[in-house]
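Below you will find the structure I want to go over with you.
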2 protein chains.
Amino acid sequence: MKKNVLIIGGGGVAQVVAHKCAQHNDVLGNIHLASRTVEKCQQIIDSVREKGSLKVAGELQAHALDALDVEATKALIDKTQSQIVINVGSSFINMSVLQACIETGVAYLDTAIHEEQDKICETPPWYANYEWKRKAACEENGVTAILGIGFDPGVVNAYAALAVSEYFDSVDSIDIIDINAGSHGRYFATNFDPEINFREFTGRVWSWQDSQWQQNQMFEVKRTDDLPVVGMQTSYMTGHDELHSMSQNLNVPNIRFWMGFGEHYINVFTVLKNLGLLSEQPVTTAEGLEVVPLKVVKAVLPDPSSLAPDYAGKTCIGDVVKGKKNGEDKEVFIYNVADHAEAYAEVGSQGISYTAGVPAVAAALLIASGEWDVKKMVNVEELPPKPFINLLNEMGLPTRIKDADGDRSLSF
Amino acid sequence: MKKNVLIIGGGGVAQVVAHKCAQHNDVLGNIHLASRTVEKCQQIIDSVREKGSLKVAGELQAHALDALDVEATKALIDKTQSQIVINVGSSFINMSVLQACIETGVAYLDTAIHEEQDKICETPPWYANYEWKRKAACEENGVTAILGIGFDPGVVNAYAALAVSEYFDSVDSIDIIDINAGSHGRYFATNFDPEINFREFTGRVWSWQDSQWQQNQMFEVKRTDDLPVVGMQTSYMTGHDELHSMSQNLNVPNIRFWMGFGEHYINVFTVLKNLGLLSEQPVTTAEGLEVVPLKVVKAVLPDPSSLAPDYAGKTCIGDVVKGKKNGEDKEVFIYNVADHAEAYAEVGSQGISYTAGVPAVAAALLIASGEWDVKKMVNVEELPPKPFINLLNEMGLPTRIKDADGDRSLSF
């Protein structure tokens with residue numbers, strides 16, 4: 001029974017994780033938040049207390065931490081006696097936080113692939129460049145490390161694993177579709193860290209097709225689907241974390257990721273990208289100041305967590321899986337619909353943060369209970385999906401399935 | 001007979017000014033160029049020598065200068081024995097260069113209104129906040145200072161003065177129209193310093209209507225004209241330097257400025273402005289770096305002088321003047337058409353730099369000859385326009401007039 005959680009990060013997802021951990025602190029124990037800017041953690045704690053999210057009386061504390069500093073992170077893990085670290089900070093800190101967990105022997109969870117400041121859209125499989133190099137170390141130290149346990153990556157990996165193991169004899173294709181049909185009412189904003197958001201789209205689009213990697217340009221390939229609740233939606237083939245692990249862990253020849261974008265988003269993105277303002281490489285101003293354009297764009301855009309109060313509408317994220325069952329063609333869509341306003345009412349965050357944060361806490365609960373405490377490094381498709389899906393059903397992210405038999409909720 | 005010219009600036013307009021001074025160095029004497037980045041001046045000198053622009057053998061030298069440093073500027077004026085300073089550097093340096101000219105007793109020319117880093121689209125008349133405060137000092141020291149002697153401001157002020165004095169009994173309106181129908185073939189670029197360019201359009205649009213200042217938003221008011229050579233063109237009411245002096249110096253109740261913009265320019269501008277990336281006020285990145293977004297936009301955009309080799313097409317800039325003559329309604333359009341490729345062939349710069357730089361050299365020649373050596377500070381509409389227009393006809397910027405009698409070249 002692992003317990004006591006250290007949450008690293010101070011943004012919208014950290015807020016969701018803190019609220020959800022608080023709602024389950026009878027199981028998870030003490031909750032600590034750490035971020036470069038301690039005030040952000042304190043605001044989250046204030047929100048948790050305000051909403052009365054703590055299930056039972058328990059520790060809830062904020063800490064200042066530079067998570068790139070492994071020794072400082074180890075010291076904080078020791079001091080807080082945390083046995084589970086949920087890393088929902090910037091993707092730049094993954095490897096140092098993971099190292100601290102390996103050296104202290106505690107469980108590690110994150111929601112996105114590691115990134116280096118000066119590299120984008122890396123050569124696949126991206127995980128092999130970073131996290132997977134620590135697989136042996138995790139196993140030697142009996143460390144449970146669950147990579148990419150947000151919604152996508154995360155829940156969609158579990159949906160894929162479920163489809164492969166339960167609904168098909170052979171799977172030909174998995175198309176993950178991520179639609180945010182909500183509206184924040186601002187001229188333009190990203191739903192999570194603008195820097196990480198844009199970095200996903202400024203380079204090559206990798207997809208797994210015919211059992212090999214294929215390169216495309218952003219906005220080169222699109223599809224239109226009539227989806228539950230959100231209706232007709234256009235999405236674009238995008239590189240994304242889960243392809244890098246699912247291509248290696250599932251025997252499926254075609255795995256693609258599709259993200260919905262409105263024309264306005266594409267216009268703003270295109271202008272910024274073509275001008276060079278989304279570049280991760282520094283430029284020098286006429287005054288001699290060296291600056292990364294993307295970091296300035298981040299600085300002028302709304303803080304994603306500030307969007308929550310006005311956010312309306314729903315998200316629909318799921319896996320379209322096609323293959324054979326008993327010699328027949330078969331297709332299923334396993335998905336979740338989340339509501340921005342409901343998320344805000346419950347935890348003070350918008351739906352994108354909610355869908356990313358809740359699964360990490362569900363995983364922490366499964367580590368605490370031992371069901372997912374696997375003592376090694378895994379991606380989500382390597383874990384049994386059913387207890388996870390059942391837990392998400394109770395925690396605010398219900399799973400549904402749509403196939404030839406209709407559209408219905410899914411539990412086990 | 002004033003002679004020896006110090007050109008301050010190292011951009012596209014400085015290049016034009018250097019070539020044109022060289023073509024007239026029998027009159028203008030020695031030519032010196034000074035800029036923060038001396039290499040830019042050296043490149044210009046190389047270009048002048050390459051094209052054989054020097055009319056007679058003579059001095060042509062580059063200097064490094066921080067033109068905000070009045071003492072350093074005075075020292076360079078003394079050292080080079082310059083009697084005419086043509087300031088075509090950034091608008092931020094006007095007041096310090098002017099001060100150096102007043103203290104050394106030499107003639108001063110510039111092509112744009114003074115700007116302060118943290119202020120945009122200032123309260124009219126803008127000149128009264130800066131340059132005009134030195135009117136008395138110029139007169140006391142017998143210093144000739146001609147403000148805004150590019151094309152617009154500059155030539156269009158002379159056109160206005162000509163119309164008021166020669167073609168009308170009373171003038172009701174002057175509409176200055178600036179159309180660049182050329183194409184540089186890049187995704188996006190500004191034709192002169194992006195920082196100065198954008199600063200014109202991010203704040204209030206001032207215009208002089210019914211003998212008072214009126215405020216509008218950018219892109220709020222537009223017109224469409226069928227113009228000579230460039231055809232049907234849409235332009236937008238814009239704040240601009242010349243309105244701030246012409247409103248005070250000419251007895252005309254309506255003076256407006258219209259600049260042509262394509263839909264693509266407007267889209268890029270709108271995206272950047274709405275995001276806050278055109279702001280002249282600093283923001284702080286997540287890493288704690290303080291930076292002015294507009295300066296980063298400038299850093300990623302093409303250097304305007306780099307556009308010249310591929311620039312094709314023409315500009316049309318002129319004054320639509322309406323009023324009464326002998327009791328009848330009358331309208332004239334006094335204008336120039338310039339060609340980007342011809343400008344590049346002659347002086348290695350595109351047409352926008354050409355139209356801005358040539359008039360300053362024409363004015364320098366008129367100061368050298370004494371015709372415009374007025375020993376005080378003036379805006380261009382206060383000077384006799386005919387010798388200026390005649391000189392421009394010979395120097396590559398021919399003037400035409402279109403009225404009820406047809407469309408014809410204009411000279412005196």
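Every chain is numbered from 1, with letters handed out A, B, ... down the list of sequences.
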Please tabulate, one pair per line, the donor and acceptor atoms of chain B and chain A that lie under 3.5 Å from each other, or say none if there are none.
from: N267(A); atom 1: OD1; to: N267(B); atom 2: ND2; distance (Å): 2.8
from: N267(A); atom 1: ND2; to: N267(B); atom 2: OD1; distance (Å): 2.8
from: E287(A); atom 1: OE2; to: K295(B); atom 2: NZ; distance (Å): 3.0
from: K295(A); atom 1: NZ; to: E287(B); atom 2: OE2; distance (Å): 3.0

Pick one of side chain, backbone, both or neither for L275(A), based on which atoms fall under 4.5 Å of a heavy atom in chain B.
both

Taking the side chain as C-beta and beyond, is there a heavy-atom pair between L272(A) and L277(B) under 4.5 Å?
yes

Please classify the contact of V268(A) with chain B as side chain, backbone, both or neither, using a heavy-atom distance under 4.5 Å.
both

Between A286(B), P302(B), G276(B), which shows the greatest number of heavy-atom pairs under 4.5 Å with chain A?
A286(B)

Would you mind telling me which of V283(B), V296(B), L278(B) makes a side-chain contact (heavy atoms from CB on, under 4.5 Å) with V300(A)?
V283(B)

